[in-house]
Amino acid sequence: MNIDATIGTYLTTGALPELPADHFIAGAWTAPAANQRMETFDAGLGKPFHDFAAGNAEDVDRAVTSAHEAQAAWGRTKASARGAILSRAAALLREEAAWFAFVESLDSGKPLQEAEGDVAGAARAFEYYGGAADKIEGDTFPIGDAYLGYSEPEPVGVTAHIIPWNFPISTAARGIAPALAAGCTVVAKPAETTPLTMLMLGELLVRAGLPAGVCNVVTGTGADAGAALVSHPRVRHITFTGSVPTGQGVMQAASRHVASVVLELGGKSPLVVLADAALDQAADGVIGAIYENAGQVCSAGSRLIVERGAHDALLERVLARVAALRMGHGLRRSTLGPLNSEPHLQRVTAKVDAAKARGLAPIAGGSTAADPETGSGWFFEPTIFDDVPSDDPVVQDEIFGPVLAVQIAEDAEDATRLANCTDYALVAGIYTNNFSAAHRMARDIDAGQVFINEYFAGGIEVPFGGNRMSGFGREKGLAAMHNYLRVKSIAAKIG
Ligand code: NAD
């Protein structure tokens with residue numbers, strides 16, 4: 001498929017190649033039990049482009065039953081054979097990357113080049129965990145000559161994956177790949193505004209050799225499909241990425257059947273720039289940290305904490321880069337895309353309007369906007385509030401949009417104090433050439449992951465997850481395998 005031609009045709013006529021429209025259960029496209037459908041939207045144009053299955057508890061039960069029935073055989077499949085299937089999935093995803101990235105960009109609104117990065121990241125997750133599958137080992141225990149003590153890692157069983165709309169395919173892959181590698185089966189529920197690439201991934205996995213029923217996808221709302229999935233008694237583990245209130249509800253639902261959970265919730269992550277830092281490098285970092293995916297990133301660097309001595313020089317560089325951002329439809333490879341949905345645009349707008357009403361004046365942006373080419377879409381200007389008091393909601397609350405709060409620190413110690421001033425603790429960035437200060441701050445800032453001199457440094461190899469209101473548990477890295485395995489200990493008298 002010539003993707004450039006597909007994009008051109010879509011942008012001029014609205015015509016699209018065939019897209020998935022039903023659930024993917026037991027290896028087959030499956031119509032919704034209640035025959036209900038819902039629409040997904042092109043955020044860059046602010047209009048619907050496709051409809052898909054609105055699932056309910058009956059659809060979820062079918063999917064979980066299918067996963068449950070597939071569990072025993074998949075769990076006993078030789079680990080190297082599971083790994084080989086994941087590796088084939090990675091290769092197929094790379095072959096079809098342009099198509100996946102096109103659909104991801106259209107469905108989420110994000111710029112095409114960012115969607116391409118996400119698909120490459122998803123392929124890398126399958127490759128990484130494909131390689132890990134046959135390297136998971138048990139232990140032996142020294143319980144005396146007359147005994148043999150050992151442990152075996154076992155798959156936990158059916159796992160549920162509640163996927164957010166900001167990074168649909170990459171979040172899906174980083175949860176599903178280790179689950180499958182561990183020998184678990186999967187039921188995934190993508191977000192209501194971004195159902196498509198998860199459906200495509202379910203189907204691709206079967207083409208890669210995954211037995212039918214091992215990975216199932218049910219689409220629909222959180223209230224109908226999501227809630228039914230996380231409260232299903234056969235689900236043994238839930239990996240959730242999304243908002244704090246929804247995560248709290250998921251944890252409660254899981255408690256009824258004593259299922260384990262990993263919660264990857266929000267953030268209000270600090271990006272600290274000390275006065276000695278390389279300021280051009282830091283300014284590039286600030287722009288990527290807050291304007292990638294229009295700030296709809298749980299680990300966005302939404303607070304810039306700058307040492308007073310570097311404030312003016314850094315802000316000058318940041319503002320010049322903001323002025324150079326190209327707002328526009330994601331499929332035109334803009335550098336600032338729309339927000340994912342109209343309700344989300346309204347949420348971001350309300351938070352910025354409230355800040356203005358409190359007397360904060362943005363030094364950049366502050367208003368809704370439109371694609372300059374079409375005059376439509378759900379855009380918000382890249383926005384900066386400077387020198388914000390640390391108790392202001394712009395500093396404390398996740399906005400999940402292209403809105404940066406600047407806080408001024410007197411020195412590294414003060415910057416650490418400011419970095420720790422919210423209830424969130426997901427990630428942190430530090431820009432400085434002072435090796436000791438960097439590592440002292442890395443130690444003292446409460447976060448699951450710290451980036452030094454490159455915000456978002458790392459990859460699938462590096463564990464990721466939050467502390468306090470940002471959640472608990474770790475995804476990515478070998479640490480993620482533990483979410484999907486439990487230890488069985490065996491002690492035998494042999495002498
Ligand atoms: P949300 O938490 O409601 O939705 C996330 C996922 O949870 C979606 O797949 C949704 O369908 C599902 N869901 C919703 N209710 C559910 C339920 N009762 N049981 C099971 N699953 C359920 O988030 P939202 O409303 O789409 O966005 C609101 C805010 O959440 C954003 O403004 C942002 O602050 C935050 N958010 C964070 C992330 C992240 O990466 N941590 C991702 C998306 C949204």
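Just so you know, ligand 1 is whichever comes first in the structure, and atom 1 is the first atom listed for that ligand. Computed from a predicted model, the values in this text were never measured in an experiment. FYI, side chains are in, hydrogens and waters are out, and symmetry mates aren't considered; it's all heavy atoms of this structure.
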Okay, side chain of Lys189, backbone of Gly220: is any donor-acceptor separation there less than 3.5 Å? yes
With Pro402 as partner, the option from Val322, Leu339, Ile290 fulfilling side-chain contact (heavy atoms from CB on, under 4.5 Å) is Leu339
Positive for side-chain contact (heavy atoms from CB on, under 4.5 Å) with Val262, one of Glu475, His161, Arg474: Glu475
Around Met251, counting heavy atoms of other residues, nucleotides and ligands shown, do more than 12 lie under 6.0 Å from its CE? no
Enumerate the pairs of nitrogen or oxygen atoms, one from ligand 1 and one from the protein, separated by less than 3.5 angstrom; state names and distance to 0.1 Å.
| unit_1 | atom_1 | unit_2 | atom_2 | d |
| --- | --- | --- | --- | --- |
| ligand 1 | 2 (O) | Ser243 | N | 2.8 |
| ligand 1 | 2 (O) | Ser243 | OG | 2.8 |
| ligand 1 | 2 (O) | Thr246 | OG1 | 3.2 |
| ligand 1 | 3 (O) | Thr246 | OG1 | 3.0 |
| ligand 1 | 9 (O) | Ile163 | O | 2.8 |
| ligand 1 | 11 (O) | Lys189 | NZ | 2.7 |
| ligand 1 | 11 (O) | Glu192 | OE1 | 2.5 |
| ligand 1 | 11 (O) | Glu192 | OE2 | 3.4 |
| ligand 1 | 11 (O) | Gly222 | N | 3.4 |
| ligand 1 | 19 (N) | Ala227 | N | 3.4 |
| ligand 1 | 26 (O) | Trp165 | NE1 | 2.5 |
| ligand 1 | 34 (O) | Glu398 | OE1 | 2.7 |
| ligand 1 | 40 (O) | Asn166 | ND2 | 3.2 |
| ligand 1 | 41 (N) | Gly242 | O | 3.4 |
| ligand 1 | 41 (N) | Leu265 | O | 2.9 |

Among Trp378, Phe379, Trp165, which one satisfies ring-ring contact (aromatic ring centres under 6.0 Å, His included) with His344? Trp165
Charged N-O contact under 4.0 Å between Arg234 and Asp61: no
